[in-house]
Enquirer: 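Supplied in structure tokens, the structure appears directly below.
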Amino acid sequence: MSTFITPVLNYAMLAPILVVLAGALIGVLIEAFAPQRSRSSSQLLLAVFTLIVALLALIRTRGTYSNKVAMNSVTFDGAGYLLQMSILIIALIAILLLADSDKFAAAPTAAPGSDEERQAQAANIRVTEIYPLTLFAIAGMLLFTVSSDLITLFVALEVLSLPLYLMAGLARRRRLASQEAALKYFLLGAFSSAFFLFGIAYLYGYSDSITFAGIAAAITGGAANDVFLLIGISFVSVGLLFKVSAVPFHSWAPDVYQGAPTAVTAFMAAATKVAAFGAMLRIFYVAFAGDVWQWRPMLTAVALVTMVFGSLVAISQRDVKRMLAYSSIAHAGFLLSGIIALNKSGLDATIFYLFAYGVATVGAFAIVSLVSDSSGEVSDLNRWAGLGKRSPWIATSFAFLLLTFAGIPLTSGFVGKFAIFSAAYESGNTAILITGVLSSAIAAFFYIRIIVLIFFKDPVEDGTSVVIPSMYTRITIVASLIITLVLGVFPAPVLDYITQTAFFLR
């Protein structure tokens with residue numbers, strides 16, 4: 001007769017996740033019971049307070065590591081600590097953009113152009129459920145990076161994904177485009193989740209275990225059917241590659257980046273990448289490391305195609321948000337290099353790159369949200385001509401962040417690319433190194449082309465202007481610029497800290 005095993009949970013190590021979940025649940029109660037006029041300020045204050053408390057709770061756990069945090073389902077180690085810290089810092093910067101609630105639909109459930117929508121806009125109803133949705137997504141991301149069994153990993157994937165599907169459809173203007181983006185994201189996300197579950201079934205059939213340690217032990221033992229293993233790795237990889245928008249699972253990214261509210265795009269583009277790559281690092285470094293010679297060629301091919309495709313297609317984009325989407329696809333290819341390297345240098349470089357890229361991405365989208373006309377945001381690059389003469393500081397800030405994406409020296413992007421390509425070279429993968437450098441050169445072309453457009457073209461009087469940023473947006477932009485500059489000029493302390501801290505418990 002089977003006996004019930006009482007679950008043993010380490011609440012101190014789970015505290016960051018539990019704090020964010022508690023904040024999200026309190027946010028739901030505020031939505032239900034607080035007066036309409038006080039909800040916006042209450043929700044923002046709660047969200048910021050929740051993230052700060054979660055960050056402090058995380059810092060308290062530094063140096064205390066265990067693979068028995070929640071039985072065998074959650075592992076808290078150095079890499080998990082760094083990834084969770086990256087997510088919380090990026091989320092803290094990005095969530096301030098949500099405070100400009102005039103960017104969100106007054107009545108999200110109303111049909112675009114309907115009387116109900118017009119009445120809601122006339123009444124100046126503000127959408128505030130965006131805050132608890134964001135906190136639920138953050139909680140899923142925090143769990144995603146430290147999950148050490150496939151079921152927990154899948155639950156975390158859905159917890160972080162479902163709020164994002166909703167948030168993508170909340171744009172105040174261009175409602176149809178926003179709803180189309182949300183529907184595409186949901187449908188393709190559902191397909192990727194199905195692939196992920198299919199892979200879990202095969203991996204369980206192969207190893208008789210759902211834990212990463214059990215799968216790793218089965219691979220080392222080599223007694224089971226390798227066909228099951230390869231199918232399982234392939235389908236689980238599809239689910240994870242969809243989240244990082246790697247080719248050929250990238251088709252959702254340009255439409256969702258363009259259609260979603262820019263504040264949501266900023267959060268999604270930065271924090272989701274950290275979480276998804278964090279999960280990929282853990283599963284490939286811990287569970288699949290023993291089968292590296294079979295999965296490395298597949299992942300190398302995906303990385304090479306992703307780098308080249310993202311860089312080339314970005315050149316032809318005339319919408320700044322779509323351009324940044326294809327740029328993020330190229331960066332996904334660069335980040336896959338760190339997973340393929342499967343060495344300590346690859347782990348350290350990927351964690352640094354994820355944080356540096358995430359912070360710069362939030363700042364870039366924050367600036368995109370400021371360029372507008374009477375109809376709302378202007379993302380057509382042709383109408384950005386002469387932005388440097390309209391608003392020199394905003395144009396200079398955007399140019400600096402574009403140079404970061406290009407990997408120009410004295411920016412965090414250069415340090416990140418140098419570190420990740422060095423790790424690829426160290427692992428003997430020269431194809432990744434050469435393709436990565438060439439793709440970076442191609443990407444630099446279209447980044448610099450935009451800078452030329454902004455500073456060296458005359459502005460066209462078409463009603464385009466730069467909105468004076470609110471205090472919250474200003475904080476986001478300044479924080480992104482400072483962190484990006486510091487990581488570019490003085491990267492050694494952060495790199496040394498990552499080197500000393502990052503490791504996986506097996």
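One-based numbering along the sequence shown. Please read all numbers here as calculations on a predicted model, not as lab measurements.
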Enquirer: Okay, side chain of S178, backbone of A168: is any donor-acceptor separation there less than 3.5 Å?
Expert: yes
Enquirer: Can you list every ring-ring contact (aromatic ring centres under 6.0 Å, His included) pair that touches residues 266-323, not counting sequence neighbours?
Expert: H250-F309, F284-F288, F284-W295, Y285-F504
Enquirer: Quick one, I483 and I93 - any side-chain contact, counting heavy atoms below 4.5 Å?
Expert: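 Result yes, sub-4.5 Å side-chain heavy-atom pair found.
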Enquirer: Begin with the C-alpha distance, continue with both residues' side-chain angles, and end with the deciding distance and a verdict on side chain to side chain contact (heavy atoms under 4.5 Å, CB included) for M307 and S337.
Expert: CA-CA 10 Å; M307 289 180 206; S337 307; 3.4 Å; yes
Enquirer: How far apart are the C-alpha atoms of L402 and M323, what are their side-chain angles, what is the distance that settles it, and do they pass the side chain to side chain contact (heavy atoms under 4.5 Å, CB included) test?
Expert: CA-CA 11 Å; L402 289 180; M323 182 275 292; 4.3 Å; yes
Enquirer: Report yes or no: does D77 contribute a side-chain atom to a donor-acceptor pair with the main-chain N or O of L505 at less than 3.5 Å?
Expert: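 At least one qualifying donor-acceptor pair exists.
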Enquirer: Please report the closest heavy-atom contact between L188 and S251, naming both atoms and the distance.
Expert: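 Closest heavy-atom pair between L188 and S251: CD1-OG, 3.9 Å.
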Enquirer: For R62, I'd like to know if atom CZ has over 12 heavy atoms of other residues, nucleotides or ligands within 6.0 Å.
Expert: no
Enquirer: Using the test ring pair (Phe, Tyr, Trp, His ring centres under 6.0 Å), find all partners of F446 that sit at least two apart in sequence or belong to another chain.
Expert: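 F446 satisfies ring pair (Phe, Tyr, Trp, His ring centres under 6.0 Å) with no residue once adjacent residues are dropped.
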Enquirer: Roughly how far, to the nearest 0.5 Å, is the CD1 atom of I210 from the CZ atom of F154?
Expert: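 Between atom CZ of F154 and atom CD1 of I210 there are 12.5 Å.
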Enquirer: May I ask you to check whether T211 and N72 show a side-chain donor-acceptor distance below 3.5 Å?
Expert: no
Enquirer: Just checking, is any N or O donor in the side chain of S327 or Y447 under 3.5 Å from an acceptor N or O on the other one?
Expert: yes
Enquirer: What heavy-atom pair brings L347 and A79 nearest, and what distance separates the two atoms?
Expert: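 Looking at all heavy atoms of both residues, the shortest contact is CD1-CB, 4.4 Å.
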Enquirer: Check the pair S345 / D348 against side-chain hydrogen bond (donor to acceptor under 3.5 Å, both in side chains), numbers first and verdict last.
Expert: CA-CA 5 Å; S345 300; D348 299 344; 5.7 Å; no
Enquirer: Would you say the side chain of L142 lies within less than 4.5 Å of the side chain of V146, judging by non-hydrogen atoms?
Expert: no
Enquirer: Check side chain to side chain donor-acceptor pair (under 3.5 Å) between N343 and all other residues, then give those that pass, not counting sequence neighbours.
Expert: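 Side chain to side chain donor-acceptor pair (under 3.5 Å) list for N343, sorted by chain: empty.
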Enquirer: Answer yes or no: is there a side-chain heavy-atom contact under 4.5 Å between F405 and L324?
Expert: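 With C-beta onward as the side chain, the pair touches.
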Enquirer: Answer yes or no: is there a side-chain heavy-atom contact under 4.5 Å between N429 and F421?
Expert: no
Enquirer: Does any N or O in the side chain of D149 come within less than 3.5 Å of the main-chain N or O of T152, such that one atom is a donor and the other an acceptor?
Expert: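 Flag set: sc D149 to bb T152 pair under 3.5 Å.
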Enquirer: Can you confirm whether Y65 is buried at OH, in the sense that more than 12 heavy atoms of other residues, nucleotides or ligands lie under 6.0 Å from that atom?
Expert: yes
Enquirer: Checking Y425 now: which residues fulfil ring pair (Phe, Tyr, Trp, His ring centres under 6.0 Å) with it, not counting sequence neighbours?
Expert: none
Enquirer: Under the 3.5 angstrom rule, does the side chain of T272 hit a backbone N or O of A269 as a donor-acceptor pair?
Expert: no
Enquirer: With a 4.5 Å limit on heavy-atom distance, are the side chains of L481 and L401 in contact?
Expert: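 Yes, their side chains come closer than 4.5 Å.
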Enquirer: Taking atom types as modelled, find out whether Q258 and D255 have a side-chain donor-acceptor pair closer than 3.5 angstrom.
Expert: no
Enquirer: Report the distance from atom CD1 of I283 to atom CG of L150, rounding to the nearest 0.5 Å.
Expert: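 The distance works out to 5.5 Å.
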Enquirer: Enumerate donor-acceptor pairs with a distance under 3.5 Å from any side-chain N or O in residues 352-368 to protein atoms, sequence neighbours excluded.
Expert:
from: Y353; atom 1: OH; to: H331; atom 2: ND1; distance (Å): 2.7
from: T361; atom 1: OG1; to: Y357; atom 2: O; distance (Å): 2.7

Enquirer: Say whether T262 and K321, considering side chains only, have a donor N or O and an acceptor N or O under 3.5 Å apart.
Expert: yes
Enquirer: Heavy atoms, side chains only, cut-off 4.5 Å: are P261 and M167 in contact?
Expert: no
Enquirer: Would L230 and D291 satisfy side chain to side chain contact (heavy atoms under 4.5 Å, CB included), going step by step from the backbone distance to the final call?
Expert: CA-CA 9 Å; L230 291 175; D291 199 47; 3.8 Å; yes
Enquirer: Verify, without hydrogens or angle tests, whether R318 (side chain) and L381 (backbone) share a donor-acceptor contact under 3.5 angstrom.
Expert: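 Not at all, since once roles are kept as given, no pair shorter than 3.5 Å links the two residues.
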Enquirer: Do S379 and R322 touch side chain to side chain, with heavy atoms closer than 4.5 Å?
Expert: no
Enquirer: Decide whether S148 and T75 meet the rule of one side-chain donor and one side-chain acceptor closer than 3.5 Å.
Expert: yes
Enquirer: Please report the interatomic distance CD1(I89) to CG(L58), rounded to the nearest 0.5 Å.
Expert: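 Between atom CD1 of I89 and atom CG of L58 there are 9.0 Å.
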Enquirer: Side chain of S311, backbone of V308: donor and acceptor closer than 3.5 Å?
Expert: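 Not confirmed, S311 side chain does not pair with V308 backbone.
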Enquirer: Within this structure, what is the CG-CZ distance for the pair L370 and F398, rounded to the nearest 0.5 Å?
Expert: 11.0 Å
Enquirer: With distance as the sole criterion, is a donor-acceptor pair present between the side chains of T499 and D496 under 3.5 Å?
Expert: no
Enquirer: Inspect the surroundings of CZ in F228 and state if more than 12 heavy atoms from other residues, nucleotides or ligands are less than 6.0 Å away.
Expert: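 Result for CZ/F228: open.
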Enquirer: Identify which one of Y185, F191, F186 satisfies the ring-ring contact (aromatic ring centres under 6.0 Å, His included) criterion when paired with W252.
Expert: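 Option passing the ring-ring contact (aromatic ring centres under 6.0 Å, His included) with W252: Y185.
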Enquirer: Would you confirm whether S328, through its side chain, and A325, through its main-chain N or O, come within 3.5 Å as a donor-acceptor pair?
Expert: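 Such a contact is found between S328 side chain and A325 backbone.
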Enquirer: To check you understand the geometry: which heavy-atom pair defines the closest contact between K417 and A406, and what is its length?
Expert: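 Heavy atoms of K417 and A406 come nearest at NZ-O, 3.4 Å.
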Enquirer: Test T300 against L304 for side chain to side chain contact (heavy atoms under 4.5 Å, CB included), laying out the working first.
Expert: CA-CA 6 Å; T300 300; L304 294 175; 4.1 Å; yes
Enquirer: Compare all side-chain heavy atoms of V48 with those of L96 and state whether any distance is below 4.5 angstrom.
Expert: yes
Enquirer: Hey, is CZ on R449 packed in by over 12 heavy atoms from elsewhere, all under 6.0 Å?
Expert: yes
Enquirer: At their closest point, which heavy atom of A139 faces which heavy atom of V20, and how far apart are they?
Expert: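 Nearest heavy atoms, A139 then V20: N-CG1, 3.7 Å.
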Enquirer: Which donor-acceptor pairs under 3.5 Å do the side chains of residues 192-200 make with protein atoms, sequence neighbours left out?
Expert:
from: S192; atom 1: OG; to: G189; atom 2: O; distance (Å): 2.8
from: S193; atom 1: OG; to: E158; atom 2: OE2; distance (Å): 2.7
from: S193; atom 1: OG; to: G189; atom 2: O; distance (Å): 3.0

Enquirer: Nearest 0.5 Å, please: how far is CD1 in I233 from CZ in F235?
Expert: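 Going from the CZ atom of F235 to the CD1 atom of I233 covers 12.5 Å.
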Enquirer: If you look at every heavy atom in L153 and A279, which pair is closest and at what distance?
Expert: CD1-CB, 3.9 Å
Enquirer: Show the nearest heavy-atom pair for residues A502 and K344, with the distance to one decimal.
Expert: O-CE, 3.0 Å
Enquirer: Please tell me whether K273 and S245 have a donor and an acceptor in their side chains that are separated by less than 3.5 angstrom.
Expert: yes
Enquirer: If you measure from CG on L335 to CG on L281, what distance do you get to the nearest 0.5 Å?
Expert: 9.0 Å
